[in-house]
Amino acid sequence: QVQLVESGGGLVQAGGSLRLSCAASGHTFNNYHMGWFRQAPGKEREFVARINWSGTITAYADSVKGRFTISRDNAKKMVALQMNSLKPEDTAVYYCATGIVWGVGASMYDYWGQGTQVTVSS
């Protein structure tokens with residue numbers, strides 16, 4: 001059974017930083033791409049960042065490009081999202097996801113974590 005557990009969310013002031021982590025278990029981690037999504041109240045879940053199985057290719061939403069960095073450690077079966085220069089509009093529940101297909105659509109990811117809340121105050 002695949003499990004993804006996010007951690008690292010919290011409350012931070014605008015301009016601050018947070019580092020989210022996602023621990024995976026129950027599947028061959030380094031066969032799967034990983035992604036981060038977020039969902040703000042009243043909005044649809046949106047793509048944030050993704051990283052391929054080997055960690056050699058990354059992609060970001062335009063809204064976070066240059067501020068967020070995704071990385072993975074296949075030996076530890078973990079993926080991280082370093083978030084710098086946070087803005088109030090980054091406030092959302094952040095989800096870790098994994099899948100075989102390389103893409104940005106939420107439907108391309110097979111397994112999801114429960115999410116971690118990130119709140120950025122102005």
Side-chain angles (χ1 to χ4, degrees):
Q1 180 178 352
V2 178
Q3 285 193 318
L4 301 175
V5 180
E6 302 96 336
S7 61
L11 173 64
V12 64
Q13 289 189 333
S17 298
L18 281 176
R19 183 177 178 85
L20 304 183
S21 295
C22 173
S25 62
H27 70 317
T28 306
F29 183 75
N30 57 4
N31 284 353
Y32 283 73
H33 309 308
M34 299 295 298
W36 286 96
F37 289 75
R38 67 186 181 186
Q39 188 167 18
K43 294 188 177 181
E44 293 186 355
R45 191 169 298 189
E46 65 174 359
F47 164 76
V48 174
R50 58 182 169 143
I51 188 166
N52 74 330
W53 65 273
S54 63
T56 56
I57 303 173
T58 59
Y60 300 90
D62 287 343
S63 58
V64 307
K65 202 171 293 183
R67 300 188 297 122
F68 291 11
T69 302
I70 188 172
S71 60
R72 67 188 292 162
D73 185 332
N74 284 350
K76 296 182 178 178
K77 297 186 178 182
M78 295 192 71
V79 63
L81 185 68
Q82 178 67 42
M83 306 186 295
N84 299 328
S85 302
L86 282 161
K87 305 175 181 180
E89 51 264 43
D90 294 318
T91 295
V93 177
Y94 283 71
Y95 297 90
C96 171
T98 186
I100 292 291
V101 177
W102 179 245
V104 299
S107 62
M108 294 184 178
Y109 290 81
D110 304 309
Y111 304 99
W112 294 80
Q114 293 300 306
T116 185
Q117 176 70 48
V118 171
T119 303
V120 184
S121 63
S122 57

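We're numbering straight along the sequence, starting at 1.
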Mind checking salt bridge (charged side-chain N to carboxylate O under 4.0 Å, His left out) for Lys65 and listing every partner two or more places apart, or none if nothing turns up?
-> Asp62

All side-chain contact (heavy atoms from CB on, under 4.5 Å) counterparts of Val5, not counting sequence neighbours = none

Contacts satisfying salt bridge (Lys or Arg N to Asp or Glu O under 4.0 Å) that involve residues 71-88 (not counting sequence neighbours) are none

Of the non-hydrogen atoms in Val48 and Val64, which two are nearest, and what is the gap between them?
-> O-CG2, 3.6 Å

Passes side chain to side chain contact (heavy atoms under 4.5 Å, CB included), Leu4 versus Met34? Steps please.
-> CA-CA 11 Å; Leu4 301 175; Met34 299 295 298; 4.2 Å; yes

Check side-chain hydrogen bond (donor to acceptor under 3.5 Å, both in side chains) between Ser54 and all other residues, then give those that pass, not counting sequence neighbours.
-> Asn52, Thr56

Tabulate below the donor-acceptor pairs under 3.5 Å that side-chain atoms of residues 94-103 make, not counting sequence neighbours, or state none.
residue	atom	partner	partner atom	Å
Tyr94	OH	Arg38	NH1	2.9
Tyr94	OH	Asp90	O	2.6
Thr98	OG1	His33	O	3.0

Would you list the pairs meeting side-chain hydrogen bond (donor to acceptor under 3.5 Å, both in side chains) in which at least one residue belongs to residues 109-118, sequence neighbours left out?
-> Gln117-Thr119

Is there a side chain to side chain contact (heavy atoms under 4.5 Å, CB included) between Ile57 and Ile51 once you walk through the steps?
-> CA-CA 6 Å; Ile57 303 173; Ile51 188 166; over 6 Å; no

Gap separating the CZ atom of Phe37 from the CZ atom of Arg45, nearest 0.5 angstrom = 8.5 Å

Tyr60 meets the ring-ring contact (aromatic ring centres under 6.0 Å, His included) criterion, sequence neighbours left out, with none

Phe47 side, atom CZ; Met108 side, atom CE - distance, nearest 0.5 Å = 11.0 Å

For residues 23-61, which residue pairs qualify under disulfide (SG to SG under 2.5 Å), counting only residues two or more places apart or in two chains?
-> none

Below 4.5 Å, heavy atoms only, C-beta onward: do Trp36 and Glu6 meet side chain to side chain?
-> yes

For the residue pair Tyr32 and Trp53, establish whether any side-chain heavy-atom pair is separated by less than 4.5 Å.
-> no

Beyond-backbone contact of Thr69 with Leu81, side-chain heavy atoms, under 4.5 angstrom = no

Only distances under 3.5 Å count here; give the side-chain donor-acceptor pairs of residues 17-24 to other protein atoms, sequence neighbours excluded, each with its distance to 0.1 Å.
residue	atom	partner	partner atom	Å
Ser17	OG	Asn84	OD1	2.9
Arg19	NH1	Gln82	OE1	3.3

Residues that Ser121 engages under side-chain hydrogen bond (donor to acceptor under 3.5 Å, both in side chains), provided they are two or more places apart = none

Where is the tightest heavy-atom contact between Pro88 and Ser122, given as atom of each residue plus distance?
-> CG-CB, 3.8 Å

Partner set under side-chain contact (heavy atoms from CB on, under 4.5 Å) for Thr28, not counting sequence neighbours = Asn30, Asn31

